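So the structure is just underneath, and the comments pick up after that.
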Amino acid sequence: MEYNFREIEQKWQRRWAEDGTYKTTEDASKQKFYVLNMFPYPSGAGLHVGHPLGYIASDIYARAKRLQGYNVLNPMGYDAYGLPAEQYAIQTGQHPEVTTVANINRYREQLDKIGFCFDWDREVRTCDPQYYHWTQWAFQKMFASYFCNKTQKAHPIEQLIQHFEQQGTADLDVAQSESLCFTAEEWKAMDEKQQSDTLMNYRIAFLGETMVNWCPKLGTVLANDEVVEGVSVRGGYPVEQKKMRQWCLRVSAYAQRLLDGLETIDWSDSIKETQRNWIGRSEGAEVEFQIADSDETFTIFTTRADTMFGVTFMVLAPESELVEKVTTAEQKQAVDEYIKYVKGRTERERMIDHKVTGVFTGSYAINPFTGEKNPIWVSEYVLAGYGTGAIMAVPAHDSRDYAFAKHFDLPIIPLIEGADVSEESYDAKEGTVCNSPRPDVKPYIDFSLNGLSVKEAIAATKKYVKEAGIGRVKVNYRLRDAIFSRQRYWGEPFPVYYKNGIPQMIPEECLPIELPEVEKFLPTETGEPPLGNATVWAWDETNRKIVENSKIDNKTVFPIELYTMPGFAGSSAYYLRYMDPHNNQALLSPEAANYWQNVDLYVGGTEHATGHLIYSRFWNKFLFDLGISVKEEPFQKLINQGMIQGRSNFVYRVKDTNTFVSFDKKEGYEVTPIHVDVNIVSADVLDVEAFKQWRPEYNNAEFILNDEGKYICGWAVEKMSKSMFNVVNPDMIVEKFGADTLRLYEMFLGPVEQSKPWDTNGIDGCHRFLKKLWNFMMSDTTAEAPSKAELKALHTLIKKVTGDIEQFSYNTSVAAFMVCLNELTKLKSASKDVKETMTVLLAPFCPHLAEELWHQLGHETTVCDAPWPAFNEDYLKEDNVKMMVAFNGKARFPLEFPAGITPAEAEKAALENPQSAKWMEGFTVAKVIVVPGKMINVVLKK
RNA sequence: GCGCUUGUGGCGAAAUUGGUAGACGCGCCAGACUUAGGAUCUGGUACUUUACGGUGUGCAGGUUCGAGUCCUGUCAGGCGCACCA
């Protein structure tokens, strides 16, 4: 009987769907295991062979875990809100929902053909009101919370209000946009609007006036991770900085917890490091400087408190509010011109060339350690958004300050013994401090750092600064608050309306607020976001429902927020929703949360390292503070699958002709390489007839073939994309070889984590293996107990596959299957036990085939519920052991010993062997090292 | 510049604690069966050498009886961050 994969795969896919084989329910008698893939954005192009790589790996893992007795949750869904559908809508008028649903259906069809064990009953779509109900709900909870630095967690905003009523801002240690100072009386005296504005300074979801990445071409703001090198990730359009009133999430409040949490999770070092980088913790000190001839002071942040004696000037960020205050009348014109120049420079220009520019303000600051007057400058190299937007410059020990000092001819004072700063600054944090204070200068204060190491000096200075009351120890983070509004249509609407300019939350019971219909998906003529086109988008406060805009009277009917939420809103807590996807009373029930806890294994690409994976962790921590999520970290183990690149093929057109020359004959011709569809090329040999049909202009193409009469194509590894004609579609592979072959081959290609080019050529080997396996399994079966040799081959496989499952080393598992099958075929094995065990081991990799074989072997139940085979070490033990006898580390000859021989006996036998005499001639034996089961090394001396 | 990561045949790649480098597959070579082969099966295949042998895991050192693996330095590719004080 032939291996008819089409019939087998169709049959079992249908049966699994009918029987609900992969439906998962909470089962307290079993240990849970939650496997999750990053859910896809359903793009119009459909899946290519690269997309399922991670899904296959996690599917194998999920299936193996189920066989090992776990209750496995393996859901799938769609990140359905996104820009491409909206752009398509703008161009064609097609509603994004229509496009999205069509794309989802196509994805589902393609996914179904590969035989995943997803529980589709738990599918979620971020654009479904039943789903975004809880996105809106979480936003409202963040609005109603603030973050306390002492408890390091979120609390209800009412607690903060109470604090204000009792003592104003006294004794307050909370996450905030800016440091405010008012008394309880002042708080009580505020009107409603003032109180609302004040609370925005503390809420976790808040309305803030911030500099945003504005993309004029897309007509929306973008998050930092959506902008690369000054252009948008999607579309590559220029992005500029603009001050706007936006919804923001106070992600920065969680910076320390986001950092600490990394220690508890099982992620790759590189991705953890990327996150640490992104969070950017730096420990330092804030020090206050008095402005000379003025009552004003200002604060700088430094990580090099030890360099206080080397400060020769101060620098303010051009955006700093201090600039105006300190600029003298004589310098005003120069400063204004400079500010104008900086504003004219785009973010991109500033990033590309680091020009040394700046201007003197005319004022001086008094160094609290030396008493010297340091000139205050303004320069674009100081960033307004980090620290205090002001620095003390120590040119001897900071390369940027050094460049600035050299350019403007400012003094440079070295502070480390032996540091040569004539050519460049000495930035290293090591060495012995000197010149602090300088020996030739009368000390200004009774404090010296001379003779200390840099580390000691930093600590000593911090201590002094704190005690003298001129500053404080401070930790700064690079992590910014997330901008949470987008000026788009296709996203979650905010459950917010505006009552006399004060944002109000739509009552929780009225959620979800559904996305309104609009005529046009573009911004309105007045520049409002697309939701400004909606005609039914007003909140009737008394009747608690959405009504026509025409009814807005700002007494009982109010306008609703026109912004929508960004892409990461819906993807931040989707893993929680899978636990209880149909619950319309809560995001999820406490029962579901307690059973499934968090994701045990998360699989996805590295591109989300600083976006989704930060936002999700933040979101989960917030829900954890609320007691909704039961684990502090959402994803315990993370595997990042590599990208599959395309392997493009080229034909070579001879210049000015319609003649194409074979790759191996093109020497001597002037040719233009042209991308050719890889689907009409097999093993780099072009299907000439198909090529003629491919494009009308090639109908009459002529070919210069090679000596074998073939047209050979050139090739290159490139990104898999339509324009390169190198997209390989999984459906085509499934059609030709079957899903099980595709699954096996994708794993056999190499380590899951590694990026690699797709090469259809190698797939034959995997397909051949399955055919051979089929023939072996379908041959006559006996009930006889397997022989020793059979058991050895089998248990070698059990050991290898069981170990590989945990390691994600599936390429070596496939190789082990091949070796095992070869062994068993040679042994003419026909034992039913052996066949059954192999079938179970195969089930995670090739579920359709395994299921068919399982039933052919006489089982009625699904192979998914079979027990995972137990490994027995005894079967691997040999009667005889071959050990290599080596002299001075060089392997010379193998020698056979009975199993269980002692090292001493082996040593004796090796030395007495006649073959050894030849090597030992003229030498004496210095020592003998026996590596049991492997090697006997005889160390010789002259 | 800083951080992470990877360098092994013609190709994709294997190699528990240092212990016969190159498993397995592709490709290639030879053979078998075939009217035929882009089917199937068998054997071979790191390089070099007629052979004995010699050389081999980016490069240069080191530790060791023994190094792909450990240490030091260095080069190259990939990724991330980047005027963060």
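The shown structure was predicted, so the numbers you read here are calculated from the model rather than taken from an experiment. All chains are named by letter (A, B, ...) in the order of the sequence lines, taking the proteins before the strands, and each is independently numbered beginning at 1.
- Regarding contacts with the backbone of A14(B), a side-chain N or O of Asn811(A) is found under 4.0 angstrom from either OP1 or OP2.
- Using N1 to N3 plus N6-O4 or O6-N4 for Watson-Crick, or N1-O2 and O6-N3 for G-U wobble, each under 3.5 Å, C47(B) pairs with G54(B).
- Of the two residues near RNA chain B, Tyr381(A) and Ala886(A), the one whose nearest nucleotide lies more 5' is Ala886(A).
- Here C4(B) presents its C1' atom at 14 Å from CD of Glu753(A), a figure rounded to the nearest Å.
- Of the candidates C4(B), A14(B), G19(B), C4(B) carries the atom nearest the Asp269(A) side chain, counting heavy atoms from C-beta on.
- For Ser252(A) and Asp481(A), the side-chain atoms include at least one donor-acceptor pair closer than 3.5 Å.
- Set against G12(B), A23(B), A85(B), the side chain of Phe748(A) has G12(B) as its closest nucleotide.
- Taking atom P on both nucleotides, G31(B) is separated from U17(B) by 45 Å, rounded to a whole Å.
- Base pairing of G68(B) is not made with any nucleotide, judged by Watson-Crick or G-U wobble geometry with both donor-acceptor distances under 3.5 Å.
- Regarding contacts with the backbone of G1(B), every side-chain N or O of Ser399(A) stays at 4.0 angstrom or more from both OP1 and OP2.
- Spacing between atom CG of Leu821(A) and atom C1' of C41(B) amounts to 14 Å, rounded to whole angstrom units.
- Distance CG (Leu744(A)) to P (C26(B)): 12 Å, rounded to an integer number of Å.
- The separation of C26(B) from A14(B), taken at their C1' atoms, amounts to 15 Å, rounded to a whole angstrom.
- Across all strands, Leu749(A) comes closer than 4.0 Å only to sugar-phosphate atoms, never to a base (heavy-atom distances).
- Phosphate proximity of A85(B) to Tyr386(A): present, with a side-chain N or O under 4.0 Å from OP1 or OP2.
- In this structure, Lys455(A) does not pair ionically with Glu430(A), as no charged nitrogen and carboxylate oxygen lie closer than 4.0 Å.
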| query | Can you check salt bridge (Lys or Arg N to Asp or Glu O under 4.0 Å) on Glu735(A) and Arg6(A), steps first, answer last? | reply | CA-CA 8 Å; Glu735(A) 179 56 31; Arg6(A) 282 189 195 92; 3.3 Å; yes
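- When the P atom is used for both A13(B) and A67(B), the distance is 27 Å, rounded to whole Å.
- Comparing the same atom, C1', in A21(B) and in G7(B) gives a spacing of 16 Å after rounding to whole Å.
- Here A85(B) is the nucleotide among A85(B), G12(B), C65(B) with the atom lying nearest to any side-chain atom of Phe301(A).
- Separating the P atom of U5(B) from that of C71(B) is a span of 12 Å, rounded to the nearest Å.
- G73(B) is paired with C59(B) under the Watson-Crick or G-U wobble criterion, all donor-acceptor distances under 3.5 Å.
- Pro751(A) comes within contact range of the sugar-phosphate backbone alone, with a heavy-atom separation under 4.0 Å but no base atom that close.
- Using a 4.0 Å heavy-atom cutoff across all strands shown, Val819(A) reaches sugar-phosphate atoms only and no base atom.
- Of the candidates A23(B), G80(B), C83(B), the closest approach to any side-chain atom of Asn277(A) belongs to G80(B).
- Here the C1' atom of nucleotide A67(B) and the CE atom of Met935(A) are 13 Å apart, to the nearest Å.
- Note that Arg617(A) lies in the cation-pi zone of Trp267(A), set by a 6.0 Å cut-off to the ring centre and a 45° limit from the axis.
- Between the CG atom in Asp398(A) and the OG1 atom in Thr307(A) there is a gap of 8.5 Å [rounded to 0.5 Å].
- When each of Asn761(A) and Asp401(A) is assigned the nucleotide of RNA chain B bearing its nearest heavy atom, the one mapping closer to the 5' terminus is Asn761(A).
- Ring centroid separation for the pair Phe408(A) and Phe313(A) does not come in under the 6.0 Å cut-off.
- For A46(B) and G22(B), the C1' atoms lie 7 Å apart once the distance is rounded to whole Å.
- The NZ atom of Lys474(A) sits 14 Å away from the P atom of A85(B) (whole-angstrom rounding).
- Contact of the Thr796(A) side chain with the Cys820(A) side chain is not registered, since no non-hydrogen atoms from C-beta on lie closer than 4.5 Å.
- With a 3.5 Å ceiling on both atom-pair distances, A15(B) lacks any Watson-Crick or G-U wobble partner.
- Across all strands, Asn888(A) comes closer than 4.0 Å only to sugar-phosphate atoms, never to a base (heavy-atom distances).
- G9(B): glycosidic angle within 90° of 0, hence syn.
- OP1 or OP2 of U40(B) lies within a sub-4.0 Å distance of a side-chain N or O belonging to Arg768(A).
- The distance between atom CG of Leu895(A) and atom C1' of G19(B), rounded to the nearest whole Å, is 16 Å.
- Using a 4.0 Å heavy-atom distance criterion, Met818(A) is classed as a sugar-phosphate-only contact.
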| Verdict with reasoning, Glu263(A) to Arg276(A), per salt bridge (Lys or Arg N to Asp or Glu O under 4.0 Å) | CA-CA 11 Å; Glu263(A) 305 301 324; Arg276(A) 280 191 202 105; 3.7 Å; yes
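- For Lys799(A), whose side chain is taken as the heavy atoms from C-beta onward, the closest listed nucleotide among U16(B), A23(B), C4(B) is U16(B).
- For Glu273(A), taking side-chain heavy atoms from C-beta onward, the closest of the listed nucleotides C26(B), A85(B), C4(B) is C4(B).
- At the heavy-atom level, Val382(A) lies under 4.0 Å from base atoms of the strands shown.
- Checking A39(B) for Watson-Crick or G-U wobble geometry (two distances, each under 3.5 Å) identifies no partner in any strand.
- In this structure, Lys772(A) places its NZ atom 13 Å from C1' of A39(B), rounding to the nearest Å.
- Between G3(B) and G58(B), the distance separating the two P atoms is 23 Å to the nearest Å.
- Comparing the P positions of G27(B) and G80(B) gives an interatomic distance of 35 Å, to the nearest angstrom.
- For Gln256(A) and Tyr477(A), the side-chain atoms include at least one donor-acceptor pair closer than 3.5 Å.
- Between Gln754(A) and G78(B), a side-chain N or O to OP1/OP2 separation shorter than 4.0 Å is absent.
- Base pairing of U8(B) is not made with any nucleotide, judged by Watson-Crick or G-U wobble geometry with both donor-acceptor distances under 3.5 Å.
- Under 4.0 angstrom from either OP1 or OP2 of U40(B) there lies at least one side-chain N or O belonging to Lys771(A).
- In this structure, Lys756(A) places its NZ atom 14 Å from C1' of G25(B), rounding to the nearest Å.
- Looking at the side chain of Lys934(A), the nearest of the listed nucleotides C81(B), U17(B), G25(B) is U17(B).
- An OP1 or OP2 oxygen of A82(B) is reached within less than 4.0 angstrom by a side-chain nitrogen or oxygen of Arg478(A).
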